[in-house]
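Below you'll find the structure, written out as structure tokens, and then a few comments.
The first residue in the sequence is number 1, and the count goes up from there.
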Amino acid sequence: MPSSRRNDVAMLAVVVIWAANFTALKVTLVEVPLFAIGAIRFVLGAGLLGLVVRWREGDLRFPPGLFWRLIWLGVIGNTIYQTLFMVALDHTSVANGAILLATSPLLVAGLGAMTGVERLTRWIGAGLALAFLGVLLVVGAGQASFTAATRVGDVAMLGASLCWAIFTLAVRRLPPEVSALKVTALTTITGVPGLVLIGLPQLLHLQWGRVSVAAWSGLAYSIFLSLVLGYVLWNSSVKVIGPNRTSVYNCLVPLVAMVIAWRILGEPIEPVQVIGAVLIIGGILLTRNGHPSPVPEAA
């Protein structure tokens with residue numbers, strides 16, 4: 001199978017994994033507090049990734065000159081992102097959360113142009129404007145018909161999208177000789193201390209014996225598939241085909257997530273959510289039309 005097709009298959013698998021993760025975590029949130037979930041996910045996920053790296057590459061040492069870069073990548077891409085993601089998931093619907101998280105490809109395109117990673121074309125500008133209209137539609141509908149808690153979740157998810165965009169662009173800037181597996185492991189490990197500190201009060205009061213099999217199953221799915229496998233495949237794709245071409249796959253996540261939540265959780269799909277999703281996805285596809293070329297890095 002050609003490498004491009006393998007990458008497509010891998011990223012479509014990530015789409016399904018991450019879309020289902022919204023529902024898996026919703027099930028777990030019924031019994032386990034949100035910050036406790038974040039701490040448990042990353043302690044176990046970091047431990048597993050560390051073992052895999054030691055098995056595949058022999059050691060977990062930071063590559064020379066990259067210690068602080070990987071530290072702040074872990075804080076932004078994991079500590080802050082995951083905290084905002086969990087807050088959003090606890091305060092908004094799966095559909096709204098997935099749609100708003102799908103703005104990250106546009107943020108990647110916009111920030112990439114601003115920082116000189118990729119040039120901003122007219123297609124990207126048009127796509128950003130169209131998708132922003134879709135975001136306003138989704139958030140505006142939440143303010144009009146949802147509770148105040150939903151508005152908090154919507155804003156938190158937009159913040160999570162910004163963190164993910166920064167993380168994705170920064171991963172692209174790392175030296176190519178550093179494997180995607182090691183990048184994933186080290187940034188996961190460096191994201192752990194903050195998440196444990198935030199989740200510690202809830203962990204201390206959690207009644208572990210009362211957590212059901214369904215909640216543990218949702219948590220296991222979120223750790224082994226969404227966190228470990230999903231992050232490795234995502235970072236690998238970023239290093240192989242670039243941040244813009246990788247992040248465009250996020251446009252499929254809200255549609256898949258809405259369908260899964262509708263079937264499993266019984267969450268209704270509102271017409272305004274569909275319209276917002278169509279506008280955001282249309283904007284993302286417009287950004288792909290111009291195929292902006294990377295700006296050469298300074299020697």
Heavy-atom side-chain proximity of [X] to [Y] below 4.5 angstrom:
{"X": "Leu48", "Y": "Phe224", "result": "yes"}
{"X": "Leu203", "Y": "Trp208", "result": "yes"}
{"X": "Thr168", "Y": "Trp234", "result": "yes"}
{"X": "Val75", "Y": "Thr190", "result": "no"}
{"X": "Ser212", "Y": "Val30", "result": "no"}
{"X": "Ile189", "Y": "Leu60", "result": "yes"}
{"X": "Leu25", "Y": "Phe85", "result": "yes"}
{"X": "Lys182", "Y": "Asp59", "result": "yes"}

Value rounded to 0.5 Å, distance of [atom1] in [X] from [atom2] in [Y]:
{"X": "Arg173", "Y": "Leu66", "atom1": "CZ", "atom2": "CG", "result": "13.5 Å"}
{"X": "Ile198", "Y": "Gln82", "atom1": "CD1", "atom2": "CD", "result": "11.0 Å"}
{"X": "Ser226", "Y": "Arg41", "atom1": "OG", "atom2": "CZ", "result": "5.0 Å"}
{"X": "Leu29", "Y": "Leu219", "atom1": "CG", "atom2": "CG", "result": "10.0 Å"}
{"X": "Leu70", "Y": "Leu174", "atom1": "CG", "atom2": "CG", "result": "6.0 Å"}
{"X": "Trp164", "Y": "Ile76", "atom1": "CH2", "atom2": "CD1", "result": "12.5 Å"}

Quick check: is [Y] connected to [X] through a chain of hydrophobic side chains (ILVMFWY, heavy atoms under 4.5 Å apart)?
{"X": "Leu44", "Y": "Leu51", "value": "no"}
{"X": "Val211", "Y": "Leu200", "value": "no"}
{"X": "Ile80", "Y": "Val152", "value": "no"}

- Relative to the ring of Tyr231, is the ring of Trp18 parallel (under 30°), tilted (30 to 60°) or perpendicular (over 60°)?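 Correct class here is perpendicular.
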
- Exactly one candidate in Ile37, Leu34, Ile40 meets side chain to side chain contact (heavy atoms under 4.5 Å, CB included) with Gln202; the answer is Leu34

- Item | Identified side chain to side chain contact (heavy atoms under 4.5 Å, CB included) partner of Phe167 from the options Asn235, Leu162, Val108 |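 Between Phe167 and the candidates, side chain to side chain contact (heavy atoms under 4.5 Å, CB included) is satisfied uniquely by Asn235.
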
Provide the closest heavy-atom pair for [X] versus [Y] in the form atom of the first, atom of the second, distance.
{"X": "Val232", "Y": "Ala180", "value": "O-CB, 4.3 Å"}
{"X": "Thr187", "Y": "Val183", "value": "OG1-O, 2.7 Å"}
{"X": "Ala185", "Y": "Val53", "value": "CB-CG2, 3.5 Å"}
{"X": "Val238", "Y": "Arg172", "value": "O-NH1, 3.4 Å"}
{"X": "Cys163", "Y": "Leu84", "value": "SG-CD1, 4.2 Å"}
{"X": "Leu197", "Y": "Pro201", "value": "O-CD, 3.8 Å"}

- Message: Tell me every residue that passes side-chain contact (heavy atoms from CB on, under 4.5 Å) with Leu233, counting only those two or more places apart in sequence or in another chain.
- Response: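 side-chain contact (heavy atoms from CB on, under 4.5 Å) list for Leu233, sorted by chain: Ala10, Val14, Leu229.
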
- Around Trp55, counting heavy atoms of other residues, nucleotides and ligands shown, do more than 12 lie under 6.0 Å from its CH2? no

- Message: For the backbone of Thr79 and the side chain of Thr83, can you confirm whether one donor and one acceptor N or O come within less than 3.5 Å of each other?
- Response: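 Yes; at least one donor-acceptor contact below 3.5 Å.
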
- Item | Set of salt bridge (Lys or Arg N to Asp or Glu O under 4.0 Å) partners for Arg54, sequence neighbours left out | none

- Item | Test log, rule side-chain contact (heavy atoms from CB on, under 4.5 Å), inputs Val87 and Phe35 | CA-CA 8 Å; Val87 169; Phe35 295 134; 3.9 Å; yes

